[in-house]
Structure formats: structure tokens, C-alpha cells
Amino acid sequence: MLGFHLTPEQIDLQKKAREFALKELLPVAWHYDAVDDTPLPVLRKAWEAGIMNADLPKEYGGSGLGVLENVLITEELAAACAGLATSIFDNSLGMEPLRLSANAELKRKYFGAIARSFKLICFATSEPTMGSDVSGIRCLARRDGDDYILNGTKYWITNGGLADYMSIFATVDPAKKHAGICAFLVERDWQGVSIGRRIPKLGQRGSNTVGIRLRDVRVPRENVLAPPGEGFVLAMKTFARTRPAIGAFAVGAARSAMEFAIDYAQRRQAFGTRIADFQAIQHKIADMYQKVETARLLVWKAAWEADQGLDPTISASVSKLYATEMALEVANEALQIFAGYGYTRMFPIEKILRDCRLFRIYEGTSEVQRLILSGFALQAYRPVMPPLEDLPVHLEKDPVNREPGAAAWRCRICGYVHYGDEPPEECPYCFFPSSAFKNI
Ligand SMILES: Cc1cc2nc3c(=O)[nH]c(=O)nc-3n(C[C@H](O)[C@H](O)[C@H](O)COP(=O)(O)OP(=O)(O)OC[C@H]3O[C@@H](n4cnc5c(N)ncnc54)[C@H](O)[C@@H]3O)c2cc1C
């Protein structure tokens with residue numbers, strides 16, 4: 001059975017997130033973008049409203065909602081402000097390695113704390129010298145008795161300047177690549193953790209982005225999220241479950257760009273009529289609408305797969321790639337409809353356009369998504385069609401009414417089909433010898 005309807009609970013959650021976004025995020029979004037700051041009280045309100053940490057497991061005091069519920073929430077938040085949405089959702093990203101880890105004691109301790117009080121947790125694979133290539137992590141984890149000592153720098157860390165806890169990925173030996181990667185839950189207050197200056201950005205300025213330096217940070221054995229050799233897979237599994245939300249950010253931001261553009265097109269006059277009356281503008285709106293709708297379906301499918309316990313890796317990449325590229329196109333076309341006013345900071349589109357630019361970069365760039373998808377299509381995808389070599393493209397004879405016993409031979413080079421007991425001595429089209437023919 002296939003259904004696209006949401007349950008009454010999901011509709012209520014969507015409504016709650018929408019109301020929160022309109023009441024708490026939209027009014028402050030442009031101000032915090034302008035001053036390049038993250039309003040902690042707003043994040044706290046999201047926590048109080050149950051909008052943050054929706055997927056915190058029930059057994060540890062959370063609401064235990066699924067990836068689908070989280071994408072419903074994030075679409076609404078990002079429709080109001082992608083930067084603030086990124087900061088609010090970041091706890092789900094930071095918590096995911098813990099959710100996926102086998103460390104029950106660690107879950108009890110930190111999920112319990114995050115459920116009980118307003119705590120932020122960030123996620124850190126990236127470093128100043130690497131982002132896409134997670135196997136290239138340099139932050140060192142040295143074994144010291146039962147503990148590990150961390151030394152290195154994590155960079156681009158969302159909420160890194162605000163977070164109480166950090167899911168830190170490191171390596172026991174950079175030369176080991178994937179096999180050396182491990183992960184730890186680190187507390188911000190531990191000795192040796194220091195936070196860099198807020199990184200000035202093009203967009204999503206409402207979200208906090210910093211570097212984190214780890215200098216001789218002692219991590220007790222209990223705080224190991226993934227031992228050496230298991231950290232890389234943990235990071236990839238995390239992304240497979242969080243990428244649909246990045247797609248949902250993109251859907252939300254694009255939806256707002258489209259809505260503002262429709263509103264403007266119905267008011268703005270040119271050549272004696274509304275610009276919405278021009279077919280050129282109508283086609284832009286049609287394209288925006290179909291792109292937003294298509295992206296949402298892909299995001300929901302990926303989220304659904306994750307919630308069914310299926311491996312959502314490919315669907316997550318498809319949805320992230322499509323939705324994030326779509327959002328930039330939609331925001332760009334929305335700005336075109338606004339024309340001059342769209343280019344100013346007094347209208348909403350220029351911020352949405354700047355915010356959307358990041359979607360194609362974080363949690364795996366578009367190029368990385370294409371790498372994942374081409375790898376799947378070329379290696380793992382099981383085709384339905386027979387191999388080209390075996391494909392009989394019968395042009396000269398009706399294959400259904402062929403005389404019984406008459407053989408057909410296909411030239412592997414040019415595709416010519418020859419009928420007879422033996423292949424021809426040479427192909428009459430490409431002149432390759434009989435060895436080029438395959439009996440089909
Ligand atoms: C605002 C912001 C917030 C972020 N938040 C976080 C966070 O919370 N936690 C975290 O860990 N990271 C975070 N990141 C980092 C982000 O995930 C990386 O920026 C991203 O993965 C790309 O890495 P990079 O910037 O080092 O680019 P690089 O990996 O150096 O790539 C540079 C270019 O080369 C391309 N490229 C790289 N490898 C290939 C390949 N094999 N084939 C084809 N093209 C390739 C890339 O697509 C890109 O176009 C954030 C980044 C930003 C900007």
C-alpha cells in the first residue's frame with residue numbers, strides 16, 4: 001500500500017512547528033541575519049516547545065519521533081529562517097551518532113541530560129583541511145590506558161560555540177584512513193577544549209559556525225561512541241538519516257521564496273497589467289511549484305525509508321541533491337520575479353537566496369552526492385533490461401513469427417541482426433568478422 005496522507009498526530013506536529021516558525025522565527029530572522037548572531041533564547045523556546053530533539057528516543061525521556069516527523073518540522077522552520085532551522089535541527093545531527101552507537105550507558109547519561117534540560121550538542125567531522133573526505137580526518141586520538149587523548153582542530157562546526165556536548169570524530173592514525181576513524185562524546189567544559197571566533201558567512205547567519213580546538217583533551221573510555229575502525233561507518237550512517245532533513249530545509253526555504261514571488265507577481269504592475277498575467281512569469285511559478293512538490297516527495301520517501309529501518313543512503317542522497325539544487329534555482333527565479341526589489345535587503349528573497357547556497361555544501365556537497373549516486377548506479381544497481389549484447393533489435397524479421405529453428409546472430413559492434421544457421425563471414429555494416437557475432 002502506498003499513501004501520502006499524514007496521520008492526525010503528524011498534522012498536529014506540522015501545525016505546531018508552523019505556528020512556532022511564524023511566531024518565534026520569522027519576526028527575528030532578518031535581524032539575526034543582519035547582526036550575524038544566534039539567539040540562544042529562541043533555541044531554548046524551540047526546546048521548550050518540543051520542536052528541538054523530536055527524535056530523542058522515548059526510553060531516555062524524549063518524544064521518540066521518527067525522521068519523517070523531523071522533516072515535517074524542519075520544512076516549517078526553514079520556511080521562516082534556514083539559519084535558525086539549522087541551529088535548531090543541529091541537536092538531531094549531534095545526537096545521531098549517540099542514537100546509533102551501542103553504548104547504552106552513554107545514552108542514558110547524555111540523552112537523559114538533553115531530555116531534562118536545555119542542552120545543545122554539535123556534530124564534528126570537518127576540519128580546516130578536510131570536509132568531504134571524512135577518511136582524511138587528522139584530529140588525533142591517542143590511547144592512554146583506558147582513556148583517549150584528543151589533539152586537533154574541528155572546523156565549520158554548527159552550534160560549536162554554544163554546544164554543551166560534542167560528537168567528535170578523530171583518528172588513531174591518519175595513515176589508516178577509514179580504518180583509523182573513531183568517535184567520542186566530548187563535553188565543552190573539559191580541559192583542553194577551546195572555541196574559535198564565529199566564522200563570518202554569506203548566509204544562514206542566524207546559525208553559529210566555529211572552529212573547535214582540542215588540546216590534550218582526555219576522554220574516558222565510557223565516552224567512546226565508536227572505536228577505531230567503526231567511526232567512518234558511524235558518520236556515514238548518521239548522514240543517511242540526517243540528509244533528508246537538509247532536503248526538508250531546502251523545501252521549506254524554496255516554498256517561502258515561491259510564496260513571496262506569487263504574492264509579488266499578483267501585485268506588481270507592468271505594461272498596464274499584473275506581472276502574474278505574463279506567461280513568462282506564470283511559467284516560472286509553475287516550475288517553482290513542481291520543483292518544490294517533487295523535492296518534498298523525495299524527502300518524505302527518504303525519511304520513510306529511514307523510519308522503516310531500511311538503508312536510506314541512496315534515497316537520502318537523491319533527496320538532498322535534488323532538493324538543495326532545486327532550492328537555489330527556485331530562490332534565484334523568485335528573485336528574478338522581484339527584479340530590483342528582490343536584490344535589496346528590504347525584501348525577503350536575497351536572504352533566502354544566500355541561505356539556500358549552503359544547502360549544496362554542508363552534510364555532503366552536491367558533488368559528493370553525485371559520487372554516491374554514480375557509485376550506486378554503476379556498481380550496485382540491478383538493471384531490468386538485458387545487457388545490450390543480448391538485446392535483439394529485430395528490424396528485418398518479425399521475431400514472433402520467425403521460422404522454427406532459425407537462429408539469429410547479433411553483431412556486438414554495430415548491432416546488425418543476421419538470420420541463419422551460421423553467422424555471416426563478415427558484418428555487412430561494420431565489416432567485423434563472424435567472431436563479432438553472438439547467437440541471440
Ligand atoms: C556553514 C557551515 C556549517 C557546517 N556545519 C558543519 C558541522 O556542523 N559539522 C561538520 O562536521 N561540518 C560542518 N560543515 C562542513 C561541511 O560539511 C563541509 O564544508 C563540506 O562537507 C565540504 O567540505 P569542504 O568545505 O572541506 O570542501 P572540500 O571537501 O575541500 O571540497 C572542495 C570542493 O571539491 C569537491 N570535491 C571534494 N571531493 C570530491 C570528489 N571526490 N569528487 C568530486 N568533487 C569533490 C567538493 O564538492 C567541493 O566542491 C559546515 C560547513 C559550513 C559552510
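In each ligand, atom 1 is the first atom listed, and ligand 1 is the first ligand listed.
- Residue-ligand proximity, Ile361 to ligand 1, at heavy-atom distances under 4.0 Å covers atoms 19 (O), 20 (C), 21 (O).
- Within 6.0 Å of the NZ atom in Lys107, the count of heavy atoms belonging to other residues, nucleotides or ligands exceeds 12.
- Checked by atom type, the side-chain pair Thr209/Lys201 shows a donor-acceptor distance below 3.5 Å.
- Residues Phe169 and Phe232 keep their aromatic ring centres 6.0 Å or farther apart.
- Residue Leu371 approaches ligand 1 through these ligand atoms, each under 4.0 Å from one of its heavy atoms: 41 (N).
- In the vicinity of Met130, heavy-atom distances shorter than 4.0 Å reach the ligand 1 atoms 26 (O).
- Side-chain polar atoms of Arg360 and Ser366 form a donor-acceptor pair below 3.5 angstrom.
- Note that atom 10 (C) of ligand 1 has protein non-hydrogen atoms nearby, at separations under 4.0 angstrom.
- Short contacts between ligand 1 and Ala124, defined as distances under 4.0 Å to a heavy atom of the residue, involve ligand atoms 11 (O).
- The distance criterion of under 3.5 Å between nitrogen or oxygen atoms is met by Gly131 with respect to ligand 1.
- By heavy-atom distance, the residue among Ser132, Gly160, Ser87, Gly94 lying nearest atom 28 (P) of ligand 1 is Ser132.
- Ring centers of Phe338 and Phe260: at least 6.0 Å apart, outside the cut-off.
- Nearest-residue assignment for atom 14 (N) of ligand 1 (options Phe239, Phe169, Trp156; heavy-atom criterion): Trp156.
- Of the listed options Ser167, Gly203, Gly136, Ser126, Ser126 places a heavy atom closest to atom 16 (C) of ligand 1.
- Shown here, atom 34 (O) of ligand 1 is out of close reach of the protein: none of its heavy atoms lies under 4.0 Å off.
- For Phe239 and Tyr362, the ring centers sit 6.0 Å or farther from each other.
- For the salt bridge (Lys or Arg N to Asp or Glu O under 4.0 Å) test with Lys291, the passing option among Glu329, Glu325, Glu333 is Glu329; the others fail.
- Atom 47 (O) of ligand 1 has its closest protein heavy atom at Thr365 OG1, 2.6 Å.
- Counting non-hydrogen atoms of neighbouring residues, nucleotides and ligands closer than 6.0 angstrom, the CZ atom of Phe278 exceeds 12 such neighbours.
- The nearest protein heavy atom to atom 1 (C) of ligand 1 is closer than 4.0 Å.
- Considering backbone and side-chain atoms together, Phe123 places an N or O closer than 3.5 Å to an N or O of ligand 1.
- Inspection of the Ser132 and Glu367 side chains reveals no N or O donor paired with an N or O acceptor under 3.5 Å.
- At least one heavy atom of Glu363 sits less than 4.0 Å from an atom of ligand 1.
- For ligand 1, the atoms sitting less than 4.0 Å from at least one non-hydrogen atom of Leu358 are 1 (C), 2 (C), 52 (C), 53 (C), numbered in the order shown with element in parentheses.
- Within a 4.0 Å radius of atom 21 (O) of ligand 1, the protein contributes one or more non-hydrogen atoms.
- For Arg198 and Thr38, the side-chain atoms include at least one donor-acceptor pair closer than 3.5 Å.
- Nearest protein neighbour of atom 49 (O) of ligand 1, counting heavy atoms only, is Glu367 OE1, 3.6 Å.
- Thr129 and Tyr155 share no side-chain donor-acceptor pair at under 3.5 Å.
- Between the side chains of Asn159 and Asn208, no donor N or O sits under 3.5 Å from an acceptor N or O.
- The proximity of Thr125 to ligand 1, defined as any non-hydrogen pair under 4.0 Å, involves the side chain as well as the backbone.
- Looking at ligand 1, you'll find an N or O of Thr158 within less than 3.5 Å of one of its N or O atoms.
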